**Q** 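Sharing a structure, written as structure tokens. Questions coming.
Chain letters run A, B, ... following the sequence lines, proteins first, then strands; residues in each count from 1. Treat the numbers as computed from the prediction; the structure is a model and nothing was measured.
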Amino acid sequence: MTDLKRTHTCGQLRKSDAGSEVVLSGWVDTRRDHGGVIFIDLRDRYGKSQIVFNPERNHEAHERASNLRSEYVIAVKGKVSERPDGMTNPDMSTGEIEVYVETLELLNTSETTPFEITADTEVSTELRLKYRYLDLRRPVMQKNMMFRHKVCQVARRYFDRNEFVDIETPILTKSTPEGARDYLVPSRINRGQFYALPQSPQLFKQLLMVSGMDRYYQIVKCFRDEDLRAQRQPEFTQLDLEMSFVNEEDIMTIIEGLVVAIFKETVGRELHTPFERTSYRDAMDRYGCDAPDLRFDMTIHEITDIGEKSDFKVFQSVAKSGGQIRGINASGCATFSRKEIDEFTSFVNQFGAKGLAWFKVDDNGLTSQIAKFFSAELQAEIIERFNARPGDLLLFVADKESVVSQSLSQLRLNIAKQRGLMKDDEFHFSWVVDFPLLEYNEEAGRYDSLHHPFTSPHHEDFAILEEKPLDVRARAYDLVLNGIELGGGSIRIHRADIQKRIFSLLNIDEATAQKRFGFLLEALKYGAPPHGGIALGLDRMVTLLLKLDDIREVIAFPKTQKATCLMADAPSEVDGNQLKELGLTLLKPE
RNA sequence: GGGGCCGUAGCUCAAUCGGUUAGAGUACCAGACUGUCGAUCUGGAUGUUGCGGGUUCGAGUCCCGUCGGCCUCGCCA
């Protein structure tokens with residue numbers, strides 16, 4: 001038991017506190033033992049304070065202080081003093097004072113930690129995750145966690161003042177086999193049956209609108225059993241909302257207000273609204289993806305027509321077989337060596353592109369191995385189309401649209417990164433709108449929802465729903481920040497008859513629709529209001545605000561790429577009795 | 001499921017073409033030191049080179065397998 005109770009935190013004391021008697025507690029950060037006087041930087045969540053043990057002031061405390069080691073937990077009582085002239089530390093907020101210790105209480109010792117808590121040097125992810133509680137003791141991680149907290153607080157205040165109600169939705173819910181893989185939870189009471197963890201609270205928030213809750217929000221965990229990436233964890237957090245009697249503009253305005261508030265109150269930045277809008281078609285044509293990074297230009301242009309007229313066989317055959325030829329202008333990159341261009345070629349190979357055609361631009365036109373297949377007129381057309389100038393490098397992919405788009409989109413990002421065009425202190429928001437409602441799934445030979453099956457089509461496209469389904473636009477919108485999809489949403493279908501039409505378009509028969517979404521269809525019969533919503537990826541947003549590139553940096557206890565928790569050692573095998581109680585048997589490993 | 005990178009002292013890394021006693025910095029331990037703040041100085045201890053097998057006179061180094069971490073394609077309505 002401790003007698004000393006802290007009166008101040010380690011980041012709190014200032015010159016004005018000089019003369020007062022205080023108690024501090026915290027962790028021994030660094031120790032500087034001069035044999036005579038001993039200095040210790042005492043650390044807690046709030047900061048660091050230098051405490052001083054002087055044998056002339058207190059012999060016993062000084063004696064005991066020489067046994068203190070890194071990460072020991074102590075409480076000290078002493079007097080705050082202004083530091084002597086020339087001894088202040090301008091790098092510390094408490095650097096003008098120090099505390100002369102009169103009483104030292106050792107609250108706990110510590111073994112040597114597996115890595116240094118204060119070390120600037122990077123420690124392997126593996127160790128950090130295994131000893132996450134120590135990793136989280138590092139000031140930078142504490143800062144990240146507190147920043148995330150602040151973002152949430154700003155969001156909650158914003159939602160509250162805009163009449164949103166925070167309502168919790170179930171974690172144990174029904175499996176929806178569309179979309180990502182579900183995490184399943186076996187039911188003991190209902191043997192042979194399973195809950196699923198929600199991929200999002202989608203249906204519940206729509207049902208809350210049917211309930212007349214009008215405006216719902218939640219900061220909520222979602223679960224998707226898919227492979228991990230730096231930007232993707234199996235459990236992640238969404239800023240989720242749904243509103244009644246609204247259209248796209250209302251949702252976008254609310255979100256713009258939220259994002260403005262978050263940026264202003266957490267990083268002190270003013271954002272300009274409304275955010276830029278890009279149609280899905282434009283985004284795909286100009287950037288090759290539906291989440292373009294608009295911090296730089298380097299847009300894609302198509303030259304299928306020119307390629308067809310050229311004598312270059314690869315371009316000819318692609319153009320004739322319904323493929324396309326598009327490219328980008330890597331401005332000022334004509335100095336790139338063959339080796340560097342070869343690296344780009346193998347880079348686009350991974351997205352299915354069979355090759356990368358290129359021209360360097362000089363005063364006389366285009367030069368490259370394939371330039372001879374292009375007449376002067378065609379070369380001039382290419383130069384004009386790309387607004388190319390001497391010193392530029394033009395890069396082309398010829399293939400089917402999906403391959404061309406993805407290759408050029410990734411290549412564009414790759415080159416921009418190399419050339420430093422992506423500035424991390426620039427935040428370029430945009431909305432991508434007018435998504436197609438459906439996409440054709442070649443493998444399954446049917447249409448799939450691009451967003452989800454509850455997304456409303458545009459009013460004026462209802463007429464062509466059955467005859468030209470791929471031309472139907474969805475009332476969906478994605479919020480994109482610096483090439484990263486921060487979130488997306490839609491105006492939902494609120495009428496049962498339309499929802500049924502969509503299910504039948506998706507080849508979901510009546511019986512299946514009833515089995516999976518019967519409760520939604522039923523609810524839509526009882527006066528469901530028009531409604532819509534959106535969800536933002538909180539982890540991603542916090543990561544971007546902090547100019548980091550890995551969402552694990554803002555998640556307290558993240559999983560490894562194999563979806564394990566190195567600290568808790570999860571997942572793990574369970575006792576046979578637990579399985580038996582659940583009525584489960586495991587298949588023998590193959 | 002595919003491709004790639006990595007694994008050496010507590011930590012971060014080095015170790016030439018496969019060569020004899022595997023090093024450095026830091027942390028740690030001991031001693032010295034009354035104004036440091038990455039304290040300093042002197043000394044010390046520290047290794048299943050992830051694990052298993054193979055090739056070789058000889059393997060940290062080459063080969064095969066395996067485990068783990070990371071990146072990435074597929075996947076993520």
**Q** Considering only B:A77, B:G35, B:G69, which nucleotide approaches the side chain of A:E126 most closely?
**A**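 Within the option list, the nearest is B:G69.
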**Q** If you compare every side-chain N and O of A:S70 against the phosphate oxygens of B:C28 (OP1, OP2), does one of them come in below 4.0 Å?
**A**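 Checking A:S70 against B:C28: at least one side-chain N or O falls below 4.0 Å of OP1 or OP2.
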**Q** Taking only N and O in the side chain of A:S124, is any of them less than 4.0 Å away from OP1 or OP2 of B:U12?
**A**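 So the side chain of A:S124 is within the cut-off, an N or O lying under 4.0 Å from OP1 or OP2 of B:U12.
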**Q** What's the closest nucleotide to the side chain of A:L566 if the choices are B:A77, B:C76, B:G69?
**A**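 Looking only at heavy atoms from C-beta outward on A:L566, the closest nucleotide is B:G69.
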**Q** What are the two closest heavy atoms between A:Q206 and A:H531, and how far apart are they?
**A**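 Minimum heavy-atom separation between A:Q206 and A:H531: NE2-NE2, 3.2 Å.
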**Q** Out of B:G69, B:C37, B:G10, which has the shortest distance to the side chain of A:T125?
**A**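 For the A:T125 side chain, the nearest candidate turns out to be B:G69.
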**Q** A:T560 side chain: which of B:G10, B:A77, B:C70 is closest?
**A**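 Closest nucleotide to the A:T560 side chain: B:C70.
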**Q** How is A:L450 classified with respect to the nucleic acid when contacts are heavy atoms under 4.0 Å: base, sugar-phosphate, or nothing?
**A**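 The answer is sugar-phosphate, as A:L450 gets under 4.0 Å only of primed atoms, P, OP1 or OP2.
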**Q** Measuring to OP1 and OP2 of B:C70, would you say a side-chain N or O of A:R128 lies under 4.0 angstrom away?
**A**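 Indeed not, no polar side-chain atom of A:R128 lies that close.
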**Q** Go through B:C75, B:C73, B:U34 for me and flag the one nearest to the A:E56 side chain.
**A**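 Selected nucleotide: B:U34.
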**Q** Using the P atoms only, state how far B:C73 lies from B:C11, rounded to an integer number of Å.
**A**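 Rounded to whole Å, the distance is 31 Å.
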**Q** Ignoring the backbone of A:V37, work out which of B:C73, B:G35, B:G69 is nearest its side chain.
**A**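 Out of B:C73, B:G35, B:G69, the nucleotide with an atom closest to A:V37's side chain is B:G35.
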**Q** Looking at B:A77, I'd like to know if its phosphate oxygens (OP1 or OP2) sit under 4.0 Å from a side-chain N or O belonging to A:R224.
**A**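 Yes.
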**Q** Are the charged groups of A:E111 and A:R69 less than 4.0 angstrom apart, N to O?
**A**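 No, this pair does not count.
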**Q** So, does the side chain of A:Q50 form a donor-acceptor pair with the base of B:U36 at under 3.5 Å?
**A**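 By the distance-only test, yes, there is a pair.
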**Q** Phosphate oxygens OP1/OP2 of B:U36: is one of them under 4.0 Å from a side-chain N or O of A:R32?
**A**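 So the side chain of A:R32 is outside the cut-off, no N or O lying under 4.0 Å from OP1 or OP2 of B:U36.
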**Q** Counting only Watson-Crick or G-U wobble pairs whose two distances fall under 3.5 Å, which nucleotide matches B:G68?
**A**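 Its partner is B:C6 (Watson-Crick or G-U wobble, both distances under 3.5 Å).
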**Q** Tell me which nucleotide, if any, is Watson-Crick or G-U wobble paired with B:U21 when both distances must be under 3.5 Å.
**A**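 Per the H-bond distance test, none.
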**Q** Under 4.0 Å: is that the gap between some side-chain N or O of A:R83 and OP1 or OP2 of B:C37?
**A**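 For B:C37, neither OP1 nor OP2 has a side-chain N or O of A:R83 closer than 4.0 Å.
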**Q** Which nucleotide in the set B:G35, B:G10, B:G74 lies at the smallest distance from any side-chain heavy atom of A:P84?
**A**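 So the side chain of A:P84 is nearest to B:G35.
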**Q** If you check the A:A230 side chain, which of B:U34, B:U36, B:U72 turns out closest?
**A**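 Looking only at side-chain atoms, A:A230 lies closest to B:U72.
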**Q** From the set B:A27, B:A77, B:G74, return the single nucleotide nearest to any side-chain atom of A:T112.
**A**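 Selected nucleotide: B:A27.
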**Q** If the P atom of B:A77 is compared with that of B:C64, how far apart are they to the nearest Å?
**A**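 To the nearest whole Å, 38 Å.
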**Q** A:F115 on top of B:C11's base, within under 5.5 Å and under 30°?
**A**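 So A:F115 does not count as stacking on the base.
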**Q** What do you reckon, do A:H34 and the base of B:A39 stack, with centroid distance below 5.5 Å and planes below 30°?
**A**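 Yes, aromatic ring over the base.
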**Q** Can you give me every donor-acceptor pair (side chain of residues 95-103 of chain A, partner residue at least two apart or in another chain, under 3.5 Å) with its distance?
**A**
from  : atom 1 : to     : atom 2 : distance (Å)
A:E98 : OE1    : A:Q50  : NE2    : 3.0
A:E98 : OE2    : A:Y100 : OH     : 3.4

**Q** Give a yes or no on whether a donor-acceptor pair under 3.5 Å exists between the nucleobase atoms of B:G74, that is its base, and the side chain of A:Q350.
**A**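 It does not, because no donor-acceptor pair links the side chain of A:Q350 to the base of B:G74 below 3.5 Å.
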**Q** Looking only at atom P, what distance separates B:G38 and B:G2, rounded to whole Å?
**A**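 Taking atom P in both B:G38 and B:G2, they lie 50 Å apart.
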**Q** Ignoring hydrogens and geometry, is there a side-chain-to-backbone donor-acceptor pair from A:H34 to A:G36 under 3.5 Å?
**A**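 Pair absent, no side-chain N/O of A:H34 close to backbone of A:G36.
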**Q** Expressed in whole Å, how much space separates the C1' atoms belonging to B:U61 and B:U55?
**A**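 Result for the C1' pair: 14 Å, nearest Å.
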**Q** Quick one: label A:L127 by what it contacts on the DNA or RNA (base, sugar-phosphate, nothing), any heavy atom closer than 4.0 Å.
**A**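 Sugar-phosphate, backbone atoms only, no base.
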**Q** If you only use heavy atoms from C-beta on, which nucleotide in B:C73, B:C37, B:U12 is closest to the side chain of A:V123?
**A**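 Selected nucleotide (nearest to the side chain): B:U12.
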**Q** Under 3.5 Å for both donor-acceptor distances, Watson-Crick or wobble: does B:G47 have a partner, and if so which one?
**A**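 Because no pair has both required distances under 3.5 Å, B:G47 counts as unpaired.
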**Q** Is there a donor N/O on one and an acceptor N/O on the other, under 3.5 Å, for the side chain of A:R229 and the base of B:G74?
**A**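 By the distance-only test, yes, there is a pair.
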**Q** Within the pair A:Q561 and B:C71, is there a side-chain N or O less than 4.0 Å away from OP1 or OP2?
**A**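 True: A:Q561 side-chain N/O within range (under 4.0 Å) of B:C71 OP1/OP2.
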**Q** If you measure from the C1' atom in B:C6 to the same atom in B:G60, how many Å do you get, rounded?
**A**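 B:C6 and B:G60 have their C1' atoms separated by 14 Å.
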**Q** Mind checking the P distance from B:U12 to B:A27? Whole angstroms is fine.
**A**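 Approximately 15 Å lies between the P atom of B:U12 and that of B:A27.
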**Q** In the structure shown, which nucleotide is the Watson-Crick or G-U wobble counterpart of B:C75, with both distances under 3.5 Å?
**A**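 Answer to the pairing question: none, since B:C75 forms no Watson-Crick or G-U pair.
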**Q** Base, sugar-phosphate, or nothing for A:D448, non-hydrogen atoms under 4.0 angstrom?
**A**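 Since no nucleic acid heavy atom lies under 4.0 Å of A:D448, the category is nothing.
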**Q** Whom does B:A30 pair with, Watson-Crick or G-U wobble, provided both distances fall under 3.5 Å?
**A**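 B:U42 - that is the nucleotide pairing with B:A30, both distances being under 3.5 Å.
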**Q** With rounding to whole Å, what would you report as the distance between B:C13 and B:U49 at their C1' atoms?
**A**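 Taking atom C1' in both B:C13 and B:U49, they lie 13 Å apart.
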**Q** Looking at every heavy atom in both A:G533 and A:Y477, which two are closest together, and how far apart are they?
**A**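 Looking at all heavy atoms of both residues, the closest pair is O-OH, 3.0 Å.
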**Q** Run the salt bridge (charged side-chain N to carboxylate O under 4.0 Å, His left out) test against A:E466 and tell me which residues pass, sequence neighbours left out.
**A**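 In terms of salt bridge (charged side-chain N to carboxylate O under 4.0 Å, His left out), with neighbours along the sequence ignored, A:E466 is linked to A:R501.
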**Q** Check A:D434 against A:Y280 and note the closest heavy-atom contact, atom names and distance.
**A**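 Heavy-atom minimum between the residues: O-CB, 3.5 Å.
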**Q** Indicate yes or no: does A:K130 engage A:E126 in a salt bridge with an N to O separation below 4.0 Å.
**A**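 No.
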**Q** Between B:U40 atom C1' and A:D33 atom CG, what is the distance in whole Å?
**A**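 About 12 Å, once rounded to whole Å.
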**Q** Taking the P atom of each, how far is B:G54 from B:U16, in whole Å?
**A**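 These two P atoms come out 25 Å apart once rounded.
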**Q** Check whether any side-chain nitrogen or oxygen of A:Q406 sits under 4.0 Å from OP1 or OP2 of B:G74, and answer yes or no.
**A**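 Yes, within the criterion.
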**Q** Is B:C62 paired to anything, Watson-Crick or G-U wobble with both distances less than 3.5 Å, and if yes, which nucleotide?
**A**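 For B:C62, the partner nucleotide comes out as B:G54, under the 3.5 Å rule.
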